[in-house]
Amino acid sequence: MESTSDPDGITSTALLNCLRREVGQVAEDGTIRLPRTGVLLRARQGRWLSDPEVFTGSWHSVSWHELAVLITKELGDPPVGFLDEIAGSHSAIAAMLGARPAPPADLYQRSEQALIAGHRYHPAPKGRGGLPAAEWLPYSPEVHARFSLVHLEGEFVDDGDVPLPPGVLPAHPWQLSLLGRSGAVAEHEVWPTSSVRTVYDPAADLFYKFSLDVQITNDVRRLWAHDLRWIPPLARVLRPVFADIASTYPGAAFLIDRGYRTSPECFEGLAVVVRDGVRRHTLPGVTPLLAAGISEGFDGNPLDGLDRDGALRWFRQYVSVVVPPVLHAFFAHGVVMECHLQNVLVGVDAAGMPVQAFYRDHEGMRLLPRHAALLSEVDGDGGSRGVSEAKGWERLQYCLVANHLMEIAGAVLARHPDLDVWAEARAVFAAFGSFPLLTSLLESLTVPAKANLLLRWTRAEGAASRYVDVPNPLYRLT
Ligand SMILES: Nc1ncnc2c1ncn2[C@@H]1O[C@H](COP(=O)(O)OP(=O)(O)OP(=O)(O)O)[C@@H](O)[C@H]1O
Ligand SMILES: [Mg+2]
């Protein structure tokens with residue numbers, strides 16, 4: 001059975017989820033046929049698929065490794081290292097589970113550090129570049145690590161508002177060791193968020209996002225120059241946008257990447273982005289929680305212990321808090337937020353009810369054509385920051401519906417299976433206003449979902465995306 005404490009089950013589930021979404025032909029009875037090889041699979045149904053079996057005259061269970069091999073046969077000519085990545089992700093999960101201590105007291109920290117299984121629709125969600133666990137466990141959110149940054153001294157370059165003392169460049173010790181460097185260890189400790197290379201400094205109430213030259217899901221996590229140069233301009237775009245949003249949706253906030261500092265001789269490798277902390281944006285009596293943590297679960301999750309009515313109200317409230325600011329940013333301001341599960345925090349009140357939304361991550365943000373002047377000022381004719389309205393809407397639907405709301409709904413439905421949660425969500429979207437794209441979303445049989453497995457076969461570059469259609473939970477015959 002898939003659980004959050006079994007590396008085999010977590011790995012099989014990720015592969016099954018990808019197969020069903022991206023490759024297989026799913027029959028009424030839930031069996032999945034792989035179209036090229038004709039292999040017939042079935043799995044235990046549930047929030048996610050688990051316990052895979054293959055039909056060879058009768059049903060036989062298959063291990064995660066056998067399943068991965070079946071995928072390589074189905075898709076043919078596998079990308080170099082594909083099976084190793086899956087095995088690496090599997091052993092990383094085992095190492096994390098084996099070293100996981102009791103959770104920290106702070107609920108926000110628990111929610112950020114709850115992602116043992118990682119991305120549920122990625123074939124190798126927890127790969128750590130094939131590096132031995134001893135190299136990265138000391139910096140891992142999954143084991144509630146706390147550690148000190150290294151402070152390099154010298155002459156550095158700043159771009160944007162960088163609230164750091166002069167002459168000091170904070171560096172991530174894992175990245176420093178990858179670069180073969182060292183420096184003086186700072187005094188106070190930070191802790192890693194769900195994105196292993198972004199850490200929270202509770203004393204300063206700031207996040208620091210570092211380059212990390214390790215492939216994690218789709219990308220080598222390096223802060224590329226073309227993303228770094230967008231940090232200050234996006235901060236300038238986002239401040240007035242979120243001032244406007246917060247005037248309509250009180251408490252909605254963007255954790256702005258204020259600026260970055262780096263070393264001129266190792267510009268990308270040693271860059272650190274300084275991001276607004278969440279505490280300064282949190283309303284009194286409110287606790288921020290990572291959306292993905294709520295989905296995966298942790299001790300103290302507000303979803304636990306709600307009765308049916310409470311759960312339905314909770315979900316309605318969640319959607320009402322999270323969705324309208326995202327739509328407003330898109331329609332009123334031409335800003336496409338990458339509002340996937342890992343980039344959104346929701347603030348809950350003392351009763352656990354959602355009352356506030358926080359968004360983050362400049363890197364995945366896109367701008368619609370009305371920002372053409374800024375786009376050409378920063379990127380000239382090149383760059384991938386600007387998107388057409390259609391492409392931006394596709395991305396937004398994926399992040400918001402397929403990646404995010406489907407999982408939060410899934411977490412609610414896992415506790416109360418028969419609730420009509422999607423009627424609640426639909427009402428919130430419908431009430432937002434009259435926009436042709438929104439109408440077409442509510443009338444569409446499908447929504448786009450990112451094809452993280454197929455992407456491995458078709459691309460070499462991190463920012464690429466490829467989408468497949470999945471059933472739209474917001475659609476309802478009226
Ligand atoms: N449902 C999900 N969708 C996207 N990413 C997820 C999901 N669940 C877990 N993750 C993990 O979260 C990270 C998302 O990467 P992303 O590029 O958004 O963040 P980042 O840029 O590293 O950091 P930050 O969010 O602090 O800016 C990856 O490590 C990914 O594996
Ligand atoms: Mg992110």
Side-chain angles (χ1 to χ4, degrees), residues 4 10 13-14 17-18 21 48 85 89 92-93 96 111-129 136 139-142 172 174-175 190-201 206-224 227-228 230-231 234 254-258 260 271-278 290-297 337-345 358-366 395 398-411 449-452 455 462-465:
T4 45
I10 291 170
T13 286
N17 283 347
C18 291
R21 186 173 266 189
W48 299 296
E85 282 167 31
S89 173
I93 295 166
M96 290 164 186
S111 70
E112 286 274 10
Q113 299 185 335
L115 312 194
I116 291 287
H119 199 310
R120 294 290 188 167
Y121 289 84
H122 194 284
K126 301 301 280 199
R128 292 292 174 264
W136 48 261
Y139 314 116
S140 285
E142 299 82 2
H172 195 297
W174 184 7
Q175 173 70 354
V190 297
W191 55 260
T193 66
S194 49
S195 162
V196 58
R197 44 77 172 258
T198 304
V199 302
Y200 183 57
D201 176 347
L206 293 170
F207 294 94
Y208 309 122
K209 179 169 176 172
F210 296 97
S211 276
L212 184 66
D213 291 348
V214 175
Q215 165 109 17
I216 296 191
T217 53
N218 293 331
D219 303 320
V220 171
R221 301 288 165 163
R222 180 169 266 236
L223 296 166
W224 306 104
D227 286 321
L228 287 171
W230 269 101
I231 301 274
L234 280 177
F254 199 95
L255 307 179
I256 285 182
D257 289 346
R258 296 188 186 183
Y260 67 91
V272 54
V273 170
V274 183
R275 174 179 297 171
D276 264 10
V278 67
L290 176 69
I294 293 173
S295 167
E296 290 295 317
M337 285 196 282
E338 193 189 31
C339 49
H340 66 45
L341 276 181
Q342 186 273 338
N343 281 339
V344 177
L345 316 182
F358 313 88
Y359 307 88
R360 67 181 174 199
D361 205 344
H362 286 202
E363 243 175 306
M365 181 170 289
R366 299 289 181 268
R395 185 176 175 84
Y398 161 62
C399 291
L400 184 60
V401 183
N403 186 304
H404 187 152
L405 294 181
M406 278 191 198
E407 294 311 322
I408 298 296
K450 206 163 164 194
N452 289 312
L455 259 181
S465 20

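Since the model is a prediction, treat every value here as computed from it, not as a measurement. Counting starts at 1 for both ligands and their atoms, in listed order. All residue numbers in this chain count up from 1 along the given sequence.
Contacts of E85 classified as side-chain contact (heavy atoms from CB on, under 4.5 Å), with partners at least two apart in sequence or in another chain: A124, R456. Contacts of A114 classified as side-chain contact (heavy atoms from CB on, under 4.5 Å), with partners at least two apart in sequence or in another chain: F298. The side-chain contact (heavy atoms from CB on, under 4.5 Å) check on D227 picks up W224, E363, R385, with sequence neighbours excluded.
Taking distance alone, with nitrogen or oxygen atoms compared against 3.5 Å, S195 approaches ligand 1 more closely than that limit. At least one N or O atom of R197 sits closer than 3.5 Å to an N or O atom of ligand 1. Residue-to-ligand polar distances keep D219 apart from ligand 1: every N/O pair is separated by 3.5 Å or more.
Within the 4.0 Å heavy-atom criterion, the part of R221 lying near ligand 1 is the side chain and not the backbone. Residue-level proximity to ligand 1 for H362 is absent, since no heavy atom of it falls below 4.0 angstrom. Contact annotation: for N343 versus ligand 1, heavy atoms closer than 4.0 Å belong to the side chain alone.
With respect to the salt-bridge test (charged N to carboxylate O, under 4.0 angstrom), the residues K450 and E338 do not qualify.
At the top of the distance list for atom 5 (N) of ligand 1, counting protein heavy atoms only, stands H119 CD2, 3.6 Å. The protein heavy-atom contact nearest to atom 1 (N) of ligand 1 is N403 OD1, 3.1 Å. Of the protein's heavy atoms, T217 OG1, 3.8 Å lies nearest to atom 30 (C) of ligand 1.
Taking every non-hydrogen atom of K209 and a distance limit under 4.0 Å, the qualifying atoms of ligand 1 come out as 20 (P), 21 (O), 23 (O), 24 (P), 27 (O).
Residue-and-atom listing of protein N/O/S atoms under 2.8 Å from the Mg ion (ligand 2), sorted by chain and number: Q342 OE1, N343 OD1, D361 OD2.
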